[in-house]
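Just below is one structure, and these are the notes that go with it.
Please read all numbers here as calculations on a predicted model, not as lab measurements.
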Amino acid sequence: MADKPYQFSDEDMRRFIVNGHVTLKPDFPRSFHEHIYQQTKLIFESDGNPGNNLLPRIPEIQEVFDHVAVRDALSGILGPDYIMHSHRHPHHNLPGSAEQNFHKDSYWGYDKVRHHCPHWVLAFYYPQDVVEAIGPSAVLPGTQYYNTQLHEDGAEGTPLYGEAGTVTLLHFDLWHRAMANQTQKHRFMMKFEFVRMKSPAVAPWQPETPNWKTVGWEAPLGNHEAMWRHIWDWLRGQKSSSNGDSSSMNGEISELGNQLHGCSEVASLDAAYALGAVDDVSDTLAPMLIDALSADSELTRRSAAYGLGAVGKAAVPALIDALSQSSESIRRNAVYALAQMDLSAREAVPALSKALRDPCVQVRRHAAETLGSVGESAQNAVPALIDALQDSDDHVRFDSALALAQIGKPAGDAVPALVTALKDENRYVRFNASVALEWIGTPEAIDALLCFLSIYRWCHTTTNQSTF
């Protein structure tokens with residue numbers, strides 16, 4: 001281990017906010033990573049890809065994520081109470097394999113809220129030395145905030161390579177791909193996911209300067225100060241402000257409105273965040289953003305949702321009203337906007353509880369996720385979340401189970417329903433139910449969790465060549 005503990009710095013956080021990734025190098029001996037590499041190769045040769053069972057098959061990998069440098073970085077980005085998700089996947093780039101197309105990861109095939117503020121993080125770990133020729137992962141810095149493909153065809157991206165043991169943390173929505181393996185070597189990359197459990201109240205990485213500082217390097221997609229400042233302040237538990245008011249911005253506000261409704265995703269989002277940061281937005285600009293939720297353009301509707309997230313508490317009453325509208329699109333985008341607010345959405349808990357019974361499945365999904373981000377303050381939603389554990393949609397069920405985990409101890413009445421959910425046909429419902437039992441933490445919950453884990457325990461040395 002390093003003599004001086006690693007500290008995630010202001011510069012690290014600024015680069016993560018702007019570029020969407022940060023690379024670390026835990027100081028293990030090469031023999032440690034070589035052992036993991038050889039174990040991985042043997043498992044692929046004998047049993048194929050272990051998928052979600054990667055960690056039970058090679059438990060030493062946990063030491064990588066327990067290293068102080070990785071823990072500090074994850075705590076800085078996601079808060080100290082983050083969890084490792086049960087989905088993990090070893091990526092095998094075979095000798096001579098072709099490059100992938102750039103893509104964002106799905107949530108195991110499900111639709112979830114795409115947060116600009118960091119709620120989920122991908123971690124890529126290489127157990128062997130990786131150079132560009134062996135086909136590392138490549139990223140498109142700064143693209144984590146955009147749903148559309150902004151890069152030109154043929155873009156190479158920034159390759160993520162380094163010595164054995166290199167770990168890169170990525171914003172979950174960063175566009176990335178595997179590059180072509182031009183060698184005769186096997187390249188392995190272990191992908192893990194980590195999840196924020198609590199909304200930030202203070203900055204967990206102890207910033208040296210409280211205010212957002214304009215980056216001193218060329219940003220990948222231009223200057224997006226309002227968006228970056230909002231994310232920086234959100235991570236500090238603060239509300240962003242432009243230190244200006246609408247009366248001094250009449251001409252600018254008109255132009256921002258045009259950009260919001262334009263066809264450029266970059267300009268539309270910039271406008272939404274700029275409008276959301278105006279000091280008296282509740283009186284003059286929130287209606288402009290609310291009206292944009294019903295625009296013909298999906299791009300405008302989504303940008304408006306992010307802008308309303310930046311407005312925060314002042315926009316909640318209008319969004320509660322929007323949840324009762326007959327238009328499915330308006331309800332869907334209203335709950336999407338509330339999902340960006342975390343604790344500021346507390347006033348909407350009764351409406352969100354009702355939204356768990358909405359006929360639109362996306363409304364139900366996003367309502368469950370939003371209640372989780374509200375945390376303990378959503379405890380009055382526990383009965384509705386218990387009912388949602390029986391929803392016909394897998395995604396509603398696993399988001400409801402995760403929301404109960406994020407509510408924690410006040411969700412004690414959900415223990416019997418969570419015990420039943422441990423038998424759900426969906427693996428991620430089962431995992432989130434187990435996390436909820438852990439975070440509720442009553443004796444009944446812990447007893448049920450230990451019983452579940454004893455049944456599903458795993459022997460990492462048992463293979464088809466060694467069954468006894």
Flag the pair [X] / [Y] as yes when at least one side-chain heavy-atom distance between them is below 4.5 Å, and no otherwise.
{"X": "H85", "Y": "N432", "answer": "yes"}
{"X": "F102", "Y": "Q149", "answer": "no"}
{"X": "L389", "Y": "T420", "answer": "no"}
{"X": "D233", "Y": "R236", "answer": "yes"}
{"X": "D394", "Y": "E425", "answer": "yes"}
{"X": "Q144", "Y": "R114", "answer": "no"}
{"X": "Y161", "Y": "V131", "answer": "no"}
{"X": "P136", "Y": "N93", "answer": "no"}

Roughly how far, to the nearest 0.5 Å, is [atom2] of [Y] from [atom1] of [X]?
{"X": "N426", "Y": "R397", "atom1": "CG", "atom2": "CZ", "value": "6.0 Å"}
{"X": "N181", "Y": "Q184", "atom1": "CG", "atom2": "CD", "value": "8.0 Å"}
{"X": "H366", "Y": "L371", "atom1": "NE2", "atom2": "CG", "value": "13.0 Å"}
{"X": "D105", "Y": "K191", "atom1": "CG", "atom2": "NZ", "value": "4.0 Å"}
{"X": "F188", "Y": "L54", "atom1": "CZ", "atom2": "CG", "value": "10.5 Å"}
{"X": "L308", "Y": "M341", "atom1": "CG", "atom2": "CE", "value": "5.5 Å"}

For this session: For side-chain hydrogen bond (donor to acceptor under 3.5 Å, both in side chains), just list the numbers for D173 and H116, CA-CA rounded to whole Å, side-chain angles, deciding distance to a tenth of an Å, and then say yes or no.
Result: CA-CA 8 Å; D173 292 333; H116 287 172; over 6 Å; no
Problem set entry | Chi angles and distances behind the salt bridge (charged side-chain N to carboxylate O under 4.0 Å, His left out) call for E376, R346 | CA-CA 10 Å; E376 290 187 3; R346 284 174 289 203; over 6 Å; no
Problem set entry | Qualifying residue, where the test is ring-ring contact (aromatic ring centres under 6.0 Å, His included) with F124 and the options are H89, H176, H21 | H176
Please work out whether the ring planes of [X] and [Y] are parallel, tilted or perpendicular, with thresholds of 30° and 60°.
{"X": "W205", "Y": "W232", "value": "perpendicular"}
{"X": "H33", "Y": "F28", "value": "perpendicular"}
{"X": "H171", "Y": "Y145", "value": "perpendicular"}
{"X": "F172", "Y": "W120", "value": "perpendicular"}
{"X": "H87", "Y": "Y428", "value": "perpendicular"}
{"X": "F65", "Y": "F194", "value": "tilted"}

Checking [X] side chain against [Y] main chain: does a donor-acceptor pair fall under 3.5 Å?
{"X": "R196", "Y": "I77", "answer": "yes"}
{"X": "D12", "Y": "A73", "answer": "no"}
{"X": "R364", "Y": "V396", "answer": "no"}

For this session: Give the intermediate values and the outcome of side-chain hydrogen bond (donor to acceptor under 3.5 Å, both in side chains) for residues Y306 and H230.
Result: CA-CA 11 Å; Y306 288 118; H230 167 73; over 6 Å; no
Problem set entry | Member of H119, H115, Q406 meeting the side chain to side chain donor-acceptor pair (under 3.5 Å) criterion with E369 | H115
Side-chain donor-acceptor distances from residues 444-459 under 3.5 Å, at least two apart:
| residue | atom | partner | partner atom | Å |
| --- | --- | --- | --- | --- |
| S454 | OG | L450 | O | 3.4 |
| S454 | OG | C451 | O | 2.8 |
| R457 | NH1 | S454 | O | 2.5 |

Exercise. Are E45 and K41 ion-paired here, with the side-chain N under 4.0 Å from a carboxylate O?
Worked result: yes
For this session: Taking atom types as modelled, find out whether H91 and Q100 have a side-chain donor-acceptor pair closer than 3.5 angstrom.
Result: no
Exercise. When the ring centroid of Y125 is compared with that of F192, is the distance short of 6.0 Å?
Worked result: no
